[in-house]
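Each remark here refers to the structure printed beneath this line.
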Number of protein chains: 2
Amino acid sequence: LKYRLIPVILSGGSGTRLWPLSTPEKPKQFHALASERSLIQETLARMSATADVHVGAPIVISSMRNAALVRAQLSEAGAACQLILEPFGRNTAAAAVFAALSAQAADPEALVLLMPADHRIGDGFSETVAGAAGVARDRIVVFGVKPSRPETGYGYIEVGASLAGAASEVARFTEKPNLATAEAYVAGGRHLWNAGIFLFSPAVLLAEMERHAPEVLRAARATLAASKGADDALYLDPAAFAECPSISLDYAVMEKTDRAAIVPLESDWADLGSWGEIWRLSAKDDAGNVVRGDALVIDSSGSLVWSETQAVGVIGVSELVVVQTKEALLILPRSRTEEVKQLVEQLAARAAKSDADSGGKT
Amino acid sequence: LKYRLIPVILSGGSGTRLWPLSTPEKPKQFHALASERSLIQETLARMSATADVHVGAPIVISSMRNAALVRAQLSEAGAACQLILEPFGRNTAAAAVFAALSAQAADPEALVLLMPADHRIGDGFSETVAGAAGVARDRIVVFGVKPSRPETGYGYIEVGASLAGAASEVARFTEKPNLATAEAYVAGGRHLWNAGIFLFSPAVLLAEMERHAPEVLRAARATLAASKGADDALYLDPAAFAECPSISLDYAVMEKTDRAAIVPLESDWADLGSWGEIWRLSAKDDAGNVVRGDALVIDSSGSLVWSETQAVGVIGVSELVVVQTKEALLILPRSRTEEVKQLVEQLAARAAKSDADSGGKT
């Protein structure tokens, strides 16, 4: 069964929790966190043509701010892509509509594989996708990951009745449960993490969007109609795009539709969402330290020391995260790396206040 | 009793334990650590003319490497000084000879007040020095500080029989005692810290040097004879200076002479020798943190966060020292700041090895 597929990569995120490495100027998907290639380059390489599948030119949805970076990294990866450039973020529902309409225009027969640009996925991904292609003719497939720990920062999907092959109906979505609930989910074995990766036929996606979130579909269509293409890229019209509700594909469609299906992703999967996660997934020295860059780490354990620039000398710390870039320095316990987002907000508020107080940068 | 005095400031140290702020290019005495002025500028301002004393032009002994920095900071302080520039360090005995001979040439009647450039001293210093001037006609006076804690990194002086005024004979020098000994000294009340500040008549110093360390006197005289003066500075001849034994004034003379005297320094005194000490002496926020520069310190206590350059975000640390400069970053517990010197040595060794391995900077 040969099928046709167009990968659509969602690269609009800013990855605040990986500050100061990840910044609005260069969000995490453009950094090499898990290999020699950046995360977006890894994502591009994930789907390659096999006997089973014809892979069309990928579509990348990114922010205008990062346009030059996207082009440079795609070019380095040797990928000819179509770009859709957003003037600001509007979450995934509108992006899914852009993906469906653009893919349909390029190849009416193709399925869309919608993937975030910032995940790390091990071997076997193509096989899982190929196995889901049949179900994806009629349903919107979401891929789920077997939970390895009671993570409270993820969404969980309860698996329902079996469909063809590895696919099942979706019984229920639960976003960010509390710890007790997450522990019950992990113990129960009927829940998977929502990987945020989708496989669908454009026609099915558009039909379900029309049914459950018509205002998103209408605003997204109007945005495309008002937008200008140039070279390899479509520049979304800001005024029209601002009318799109900022809502996720999960909330807008997946939690409501009866045409959802879930397929377990058998590959290793990680979202590389925090420094704690980066530490967990990286190679460590004998004392459990992850060291990147010009750093001398003495008599320390379980720590992440990441320097993009300067020489770093560390003595006698335990389970500490230290990240240094040209712009800033972050230091906090490994157990609290989820709090980076709040720290960045406070720093921004302080900088704004300082600017206001002094009438300029001090 | 009006007396004449020439301050001689020893500014040759490299202050390794305050790395990365203090570097060979800009050692700690050139940094503003305790006030708006640098430590050497504070030292220059310490002795001012009063009814009791005529203060001659100061002499500053520093390293050639820092010549431009010394000139800039002296000029900023409005001080007309004579400079003696060393091509490398040779400890304090030779420097004391240079001080005695240079002062003698400038004013045969003057006493020499020999002071390290990197101490912090509170009010009352001039009065203590004036009170010691009589004794210093015939003896080499060393000033002692009442110990406030059993510090094992300092030298201790046991006070002997009383002489005139506050002065006493020196019973014994003990360099860097172990903790039990230091505790006994503090409890006993007969020991003072050796502040490394001396008041002497050049003739007495030279006579005692001749008697107890004639090789130092000979080599230092030969160095002066071989050295060239230019503008405001005397550039010590490297070949001749290399012949000077590298020995402290304490070892060379003070521990042997029967013409030593000790005078207690009643002022606040600190040597600002480590980041732990800087923390101890600095103003703190409610949680006991010392914060310098563009740093946001959240939910942390008892820490020193010092940034010369970048924005720093710190969450949830306790008794940690973080120092960041343009060149490097240091992180270690406050209790271990004495170990910075070894860290710097390891970093230097590693950099040398890396250069050797790669045939250049990688």
Side-chain angles (χ1 to χ4, degrees), chain A residues 16-17 19-20 23 275-276 289 291 293-300 303-351 353-354 361-362, chain B residues 16-17 19-21 23 275-276 291 293-300 303-351 353-354 361-362:
Chain A
T16 308
R17 286 177 304 153
W19 180 87
T23 61
W275 287 113
N289 299 305
V291 179
D294 183 16
L296 183 60
V297 179
I298 296 172
D299 201 11
S300 299
S303 296
L304 171 86
V305 179
W306 184 300
S307 173
E308 292 281 303
T309 50
Q310 299 164 294
V312 179
V314 177
I315 296 179
V317 303
S318 175
E319 310 208 347
L320 195 72
V321 165
V322 175
V323 181
Q324 160 157 79
T325 69
K326 200 153 48 70
E327 285 84 25
L329 166 64
L330 169 72
I331 298 173
L332 81 179
R334 223 184 63 216
S335 59
R336 300 182 66 173
T337 53
E338 293 292 330
E339 298 175 38
V340 171
K341 193 171 175 180
Q342 292 94 292
L343 177 72
V344 171
E345 286 162 3
Q346 288 191 48
L347 278 169
R350 208 176 65 143
K353 183 174 184 308
S354 159
K361 197 167 158 57
T362 53
Chain B
T16 308
R17 286 178 304 154
W19 181 88
L21 186 67
T23 61
W275 287 113
V291 179
D294 184 15
L296 183 59
V297 179
I298 297 171
D299 202 11
S300 299
S303 296
L304 172 86
V305 178
W306 185 298
S307 173
E308 292 281 303
T309 49
Q310 298 164 294
V312 179
V314 176
I315 296 179
V317 303
S318 175
E319 311 210 345
L320 194 72
V321 164
V322 175
V323 181
Q324 158 157 81
T325 69
K326 199 153 48 71
E327 286 83 27
L329 166 65
L330 169 72
I331 299 174
L332 81 178
R334 223 183 64 214
S335 60
R336 298 181 66 172
T337 54
E338 293 293 329
E339 297 175 39
V340 171
K341 192 171 175 178
Q342 292 92 291
L343 177 72
V344 171
E345 285 162 3
Q346 287 191 48
L347 278 168
R350 207 176 66 144
K353 182 171 184 309
S354 160
K361 196 165 161 56
T362 50

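From a predicted model like this one, the values you see are computed outputs, not experimental measurements. We name chains A, B, ... by the order of the sequence lines, and we start the count at 1 in each one.
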Flag for B/Q324-B/Q310: side-chain donor and acceptor within less than 3.5 Å: yes
message: Whether A/E338 and A/R17 form a salt bridge (side-chain N of Lys/Arg under 4.0 Å from carboxylate O of Asp/Glu) is what I want to check.
response: yes
- line: Ranking B/L332, B/L296, B/L320 by heavy-atom pairs under 4.5 Å to chain A gives rank one to B/L296
message: Quick check on the interface: out of A/S307, A/G313, A/S300, who has the most heavy-atom pairs with chain B under 4.5 Å?
response: A/G313
message: With a 4.5 Å cut-off on side-chain heavy atoms, are B/V321 and B/W306 touching?
response: no
- request: Kindly say whether B/A295 contributes a backbone atom to a donor-acceptor pair with the side chain of A/R350 at under 3.5 angstrom?
  value: yes
message: I'd like to know which of A/S335, A/P20, A/P333 tops the heavy-atom pair count under 4.5 Å against chain B.
response: A/P333
field: Heavy-atom contact with chain B under 4.5 Å, split by part of A/L347
entry: both
- prompt: Does a side-chain heavy-atom distance below 4.5 Å link B/W19 with B/T325?
  reply: no
query: Does any non-hydrogen side-chain atom of A/V323 lie less than 4.5 Å from one of A/L329?
result: no
- prompt: Measuring heavy-atom distances to chain A, does B/V322 have an atom under 4.5 Å in its side chain, in its backbone, in both, or in neither?
  reply: side chain
task: Under 4.5 Å, counting heavy-atom pairs only, tell me which of B/V297, B/V314, B/V305, B/V344 racks up the most with chain A.
output: B/V314
query: Using non-hydrogen atoms only, which part of A/A351 is less than 4.5 Å away from chain B: side chain, backbone, both, or neither?
result: neither
